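Throughout, a chain's letter reflects where its sequence line sits, starting with A, and its residues are numbered from 1. Nothing here was measured: the structure is a model prediction, and the numbers come from that model.
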Number of protein chains: 2
Amino acid sequence: MTPDIPKSALQLRTLVTSTGTLELSLHEVPVPAPAANQVLVRIEASPINPSDLGLLLAGADVSAAVVTGSAERPVVTIPLPEGALRRLSARVDKSLPVGNEGAGTVVAVGSSAAGNGLLGRTVAAAGGSMYAQYRTIDASSCLLLPEGTPARDGASAFVNPLTALGMVATMHQEGHRGLVNTAAASNLGQMLVKLCLEDQVPLVNIVRKPEQEELLRKLGALHVCNSTSPSFMPELIEALTETSATLAFDATGGGRLVSQILTCMEASLSASANEYSRYGSTTHKQVYIYGGLDTGPTVLTRNFGFAWGLGGWLLTPFLQSIGREAVAELQARVAGGLTATFASTYTKEVSLAGALQPGALATYAEQATGEKYLIAPSLK
Amino acid sequence: MTPDIPKSALQLRTLVTSTGTLELSLHEVPVPAPAANQVLVRIEASPINPSDLGLLLAGADVSAAVVTGSAERPVVTIPLPEGALRRLSARVDKSLPVGNEGAGTVVAVGSSAAGNGLLGRTVAAAGGSMYAQYRTIDASSCLLLPEGTPARDGASAFVNPLTALGMVATMHQEGHRGLVNTAAASNLGQMLVKLCLEDQVPLVNIVRKPEQEELLRKLGALHVCNSTSPSFMPELIEALTETSATLAFDATGGGRLVSQILTCMEASLSASANEYSRYGSTTHKQVYIYGGLDTGPTVLTRNFGFAWGLGGWLLTPFLQSIGREAVAELQARVAGGLTATFASTYTKEVSLAGALQPGALATYAEQATGEKYLIAPSLK
């Protein structure tokens with residue numbers, strides 16, 4: 001250990017108590033020495049992704065947040081809704097670290113050869129506990145960033161880029177010829193627009209606001225449908241016919257959007273069918289739910305035949321399914337495009353303590369388009 | 001052609017008119033000579049399966065049926081609900097034959113060798129147009145029944161037996177260790193109970209009435225849950241834990257049953273998990289909808305993590321997916337068990353004209369447990 005590494009440092013923790021309260025706070029935890037195959041990373045940038053919010057906020061209503069403690073060590077408490085403890089039973093009274101991904105400088109390495117080339121370099125990594133000042137990580141899990149890349153540029157090198165690449169890979173694997181994405185003006189959605197243009201994958205983007213339509217068209221998106229438009233269904237059918245898209249990724253989950261997408265896919269396929277089939281088109285239509293912006297129930301009208309599937313989609317099992325080598329190839333592609341195709345933009349950079357301020361909490365919990373927070377744990 | 005084969009014979013037809021009426025009637029159609037690779041079958045028994053009703057009734061409300069014509073040549077007309085024509089556009093003004101499967105005697109054969117061994121024998125077949133007195137069929141598609149088997153015993157040798165076998169095969173293919181079936185007291189459900197006992201496949205049966213519970217327990221079913229019971233959910237969780245069933249086949253489609261099954265599977269899996277995962281269990285839970293007894297929307301509460309799938313399941317694509325040889329193996333198994341594991345029972349045998357009488361229509365359209373009709377086209 002070099003002398004400028006402290007013995008202990010801050011880590012953000014989330015705790016659901018058995019009395020029904022969510023508690024967010026900063027803990028002073030020991031900075032461990034890296035094991036043989038590990039490196040110690042000083043985390044300098046870690047994004048707040050929608051996929052972090054489930055663990056961080058446990059479904060609590062942030063408008064009821066109360067902040068106590070000092071400015072440097074705030075403690076947020078939020079009462080949990082009735083019945084929430086049953087759903088959360090496995091995490092009750094366990095103080096849990098948060099943060100799916102981040103980037104920073106390797107300040108110490110273990111004894112294995114793998115780590116040595118990384119000392120002093122900026123790396124990106126995923127795997128949780130990134131809302132912290134320091135973290136040890138397997139050297140083999142680190143994505144070495146090109147010399148001179150600021151940590152900020154590598155902070156979001158895993159979740160969104162690999163999800164976008166995973167969507168396109170899933171499309172190829174499952175034999176589809178085009179994609180649909182919802183909540184398509186998100187950071188991930190914008191990345192998918194750029195990636196699909198680069199890979200010549202036909203993409204239908206579904207958004208809810210005119211300014212989101214405009215944003216995506218400016219990026220070069222060819223097919224953008226607004227689900228609040230009275231002509232949404234015929235417009236979606238037309239876009240599906242033009243793209244032959246039979247695979248959709250849905251970030252909203254609840255409501256009727258999934259059903260509408262399947263209905264429009266079926267309508268597009270039936271329009272080109274020659275013969276009546278009481279079971280509908282034989283072409284398989286698939287929707288994967290990968291988020292839950294709408295936590296209400298998913299309502300399916302089932303007027304889309306029998307050749308359809310719906311399911312959950314998560315990045316981690318997808319990466320496990322394709323194997324280490326394929327993942328390494330995807331990561332290499334991301335590393336080469338961090339300031340272009342896979343660039344993320346942030347509206348705000350906050351310290352660990354800053355992430356626990358009421359205004360910040362309220363903003364990132366809302367998951368509004370164009371509002372993306374970056375935690376810089378070394379900021380005071 | 002031998003002299004006892006008529007030049008023309010009766011065929012039941014279903015017609016959706018452009019004026020919004022469903023018309024069911026008997027047509028006198030030419031009896032064709034079999035082509036080289038075909039045989040001509042005198043159809044003697046053909047069941048009315050739930051899977052026939054979509055084509056036959058086009059969603060019409062049979063309580064509004066009006067029957068005109070003679071007793072031998074009834075004509076049923078039923079007004080279709082507002083808006084039905086859009087959904088049915090591909091079949092408007094096309095008179096369509098009906099009847100997925102049936103059995104009868106081979107009365108003439110084509111010139112190819114394959115057909116010759118079949119002359120005079122009783123065969124079962126599937127492929128539509130079975131509600132008719134005669135039908136030509138590819139010799140290779142015929143299931144030759146054991147010498148002396150009455151046509152009645154072979155009438156349902158395809159749809160239900162192959163569906164039950166297909167469910168078990170899908171379970172093995174997709175790596176599940178147990179099955180759930182809904183509307184489990186149906187003819188198919190009873191067959192599945194017997195098959196699963198024979199193959200030692202753990203099976204959870206979901207029914208809605210005490211007498212259905214009793215019926216299945218008498219057949220030897222170990223796990224029967226009544227979805228109308230106040231303790232349905234805990235009972236289902238217990239049955240799922242005992243069977244490790246993570247694959248369900250659902251005949252109802254609409255309502256919350258699919259969601260309840262996924263929720264209970266997740267609860268059963270989480271109970272044995274050691275660690276909290278914000279994304280739920282990593283074990284994949286799957287439900288296939290194969291019927292539509294409840295035509296209302298499917299409502300999913302999505303409190304079952306991300307490792308789940310839902311989709312349509314149909315027999316024909318399943319059979320296509322496993323290939324000819326595998327299908328032949330399944331059919332051989334069915335042929336050997338037609339009076340045991342794969343036996344069907346019928347409450348009523350009617351002529352083609354009898355199938356168009358109001359009382360019969362009302363009964364088989366209701367798809368009540370234990371009410372199964374057999375059409376015997378040679379009956380007057």
Taking everything shown except A:Glu174 itself, do over 12 heavy atoms lie less than 6.0 Å from its CD?
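Yes.
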query: Highest number of heavy-atom pairs under 4.5 Å with chain B: which of A:Thr301, A:Thr295, A:Ile289?
result: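 Greatest number of close heavy-atom pairs with chain B: A:Ile289.
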Most contacts with chain B, counted as non-hydrogen pairs under 4.5 angstrom, among A:Ser259, A:Gly254, A:Gly292, A:Ala58: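 Top option by heavy-atom pairs under 4.5 Å: A:Gly254.
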Tell me whether A:Arg302 contacts the main-chain N or O of B:Gly296 through its side chain, where contact means a donor paired with an acceptor under 3.5 Å.
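Indeed, once roles are kept as given, a pair shorter than 3.5 Å links the two residues.
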Among the options B:Pro317, B:Ala267, B:Gly309, B:Ala307, pick out the one with the most heavy-atom pairs lying under 4.5 Å from chain A.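 Of the options given, most contacts go to B:Gly309.
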query = Between B:Val287, B:Thr282, B:Leu310, B:Thr316, which shows the greatest number of heavy-atom pairs under 4.5 Å with chain A?
reply =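 Heavy-atom pair counts peak at B:Leu310.
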- chain B heavy atoms under 4.5 Å from A:Phe304: which part of the residue, side chain, backbone, both or neither?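 Neither the backbone nor the side chain of A:Phe304 comes within 4.5 Å of chain B.
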What part of B:Leu314 lies closer than 4.5 angstrom to a heavy atom of chain A: side chain, backbone, both or neither?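 Contact with chain A is through the side chain of B:Leu314 alone.
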Could you pull out the closest heavy-atom pair between B:Val299 and A:Pro297, with the gap in Å?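 So the minimum-distance heavy-atom pair works out to CG1-CB, 3.7 Å.
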